[in-house]
There are 2 protein chains.
Amino acid sequence: MIETGAEPESRAERKLRTRRAILDATLELCSDSSLTALSLRQVAKQVGIVPTAFYRHFDSIESLGLALVEESFDSLRDLFRDVRRNAEADKDIVDGSIDALVDHVHRRRNHFGFIARERVAGPRSVREAIQREIELCERELATDLARMAGTATWTAKDLHVLSSLFVTVLVATAEQILSTSHPEQERQIVATVRTQLRMLLIGVYQWQSEG
Amino acid sequence: MIETGAEPESRAERKLRTRRAILDATLELCSDSSLTALSLRQVAKQVGIVPTAFYRHFDSIESLGLALVEESFDSLRDLFRDVRRNAEADKDIVDGSIDALVDHVHRRRNHFGFIARERVAGPRSVREAIQREIELCERELATDLARMAGTATWTAKDLHVLSSLFVTVLVATAEQILSTSHPEQERQIVATVRTQLRMLLIGVYQWQSEG
DNA sequence: CCTTTCAGTGAACATCTGTACACCGACAAC
DNA sequence: GTTGTCGGTGTACAGATGTTCACTGAAAGG
């Protein structure tokens, strides 16, 4: 090698870099199929390490999956933060939220795809971890909704019911965006969910919680 | 054998029976994981035939998957038929639909689970087939909605937008029911979707399509 | 009766799988 | 400068994988 731009790495840094490479390779490899169909050797080959070296970082594909769940939900929390920011600015709540969703799905395509897939098709422990995280998101969103106009008289239960519906629509929309590569089709999807949320909001403004 | 209750089968009957056994074994085996993680040999072993005999019925796991998509959507169309029947009777449209959904998900647990999983995690051709079928369902439901009270002035587009939202909620609910085995939790899920649909319906009754 | 058809068999193959083990060599700690 | 730590290597093995091929034997058809 004539010149490597790389500065000298400490051992810890190097290990972290390999770990990152494993995580990235896994997201890449299971971007169509599933963790359960992924072999340790495929990952190792993609990373450029020998199969046994995998064990220096994770003790199974399953625990690798759990690490990816955490990482992916960091992406999702970023999305929530942006939705909240858009809402606090003067932006329309529907358009602002959808813009943030589309933007994040594109930027973290692999993370959102990972959640969508492993949520239903992953190893049991991974599915459960994702379910827990989604419930956290629903609770978080519910407290945001409590501050929204028109929900002053709502029960906590109704707030959570609404929050869960929003999350469902959000997840479904993300899945649809992920499954197309045509910008025209994507605009269609966005227009659809825009109308859906507006229909829903009309109901929300009229809703009266009953004991 | 002392006595087999089986009457003599024609060759065609016997072949059909093995085919059925393959389909059932596959639904069973991938009931947690995914088609993409399923091997031809596992299926053969479960059925009790030799691996190569599989090829007498399907030429790959993928085409097996396509057959299961058709079969599973027959179950889903049965559900639609019952929803419609409940609606035509005097039953409340929300409760009637949810009852039908819960009932069908329980009776055809494997079919609904198969759709839920392979929709996002299956082989490409299977995913596409499921997507097509779901769009058919949405169109079908849209024409039903057109006959519903309060949608007389709606555009075709808005009808489809609403239909797609219903299907999204339906799919999500089915997924949730499938992922729990506690009757108490299931009652919770049902109560939640019941409220969600009522919120949504309020919006629907107020909605005015704009050119 | 004889012949054809064909679902299912069984052996063989090259390839891929997870994991065990002994090993290396560069960094870290003393 | 010696020693220990620890990512990463290479070899090895038993088992699973998809697919091939020549086969069997009973039902179907003449």
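Each chain gets a letter, A, B and so on, in the order the sequences are listed, and its residues count up from 1.
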Atom [atom1] of [X] to atom [atom2] of [N]: distance rounded to whole Å?
{"X": "A:Glu9", "N": "D:dC6", "atom1": "CD", "atom2": "P", "value": "18 Å"}
{"X": "A:Arg41", "N": "C:dT19", "atom1": "CZ", "atom2": "C1'", "value": "9 Å"}
{"X": "B:Ile22", "N": "C:dA7", "atom1": "CD1", "atom2": "P", "value": "11 Å"}
{"X": "A:Arg14", "N": "D:dT9", "atom1": "CZ", "atom2": "C1'", "value": "14 Å"}
{"X": "A:Lys45", "N": "C:dG18", "atom1": "NZ", "atom2": "P", "value": "12 Å"}
{"X": "A:Tyr55", "N": "C:dC21", "atom1": "OH", "atom2": "P", "value": "13 Å"}
{"X": "A:Arg17", "N": "C:dC27", "atom1": "CZ", "atom2": "P", "value": "13 Å"}
{"X": "A:Gln46", "N": "C:dT17", "atom1": "CD", "atom2": "P", "value": "13 Å"}

[X] bridged to [Y] by N-O distance under 4.0 Å:
{"X": "A:Glu71", "Y": "A:Arg20", "value": "yes"}
{"X": "B:Arg198", "Y": "A:Asp158", "value": "no"}
{"X": "A:Arg119", "Y": "B:Glu175", "value": "yes"}

Could you tell me whether the side chain of B:Arg56 has a donor or acceptor atom within less than 3.5 Å of a complementary atom in the base of C:dG8? yes
Would you state whether a donor and an acceptor, one from the side chain of A:Thr52 and one from the base of D:dG10, lie under 3.5 Å apart? yes
Indicate, with a heavy-atom threshold strictly under 4.0 Å, whether A:Thr18 touches base, sugar-phosphate, or nothing. sugar-phosphate
Let me confirm one number: the CD-CG distance from A:Glu62 to A:Leu35, rounded to the nearest 0.5 Å. 9.0 Å
Distance check, rounded to the nearest 0.5 Å: B:Glu9 atom CD versus B:Arg17 atom CZ? 4.0 Å
Sorted by position of nearest nucleotide on DNA chain C, 5' first, the leading residue of A:Ser60 and B:His57 is B:His57
Closest nucleotide among [options] to the [X] side chain:
{"X": "B:Arg11", "options": "D:dC6, C:dT17, D:dG25", "result": "D:dG25"}
{"X": "A:Pro51", "options": "C:dA26, C:dT19, D:dT19", "result": "C:dT19"}
{"X": "B:Ser10", "options": "D:dT9, D:dA28, C:dT9", "result": "D:dA28"}

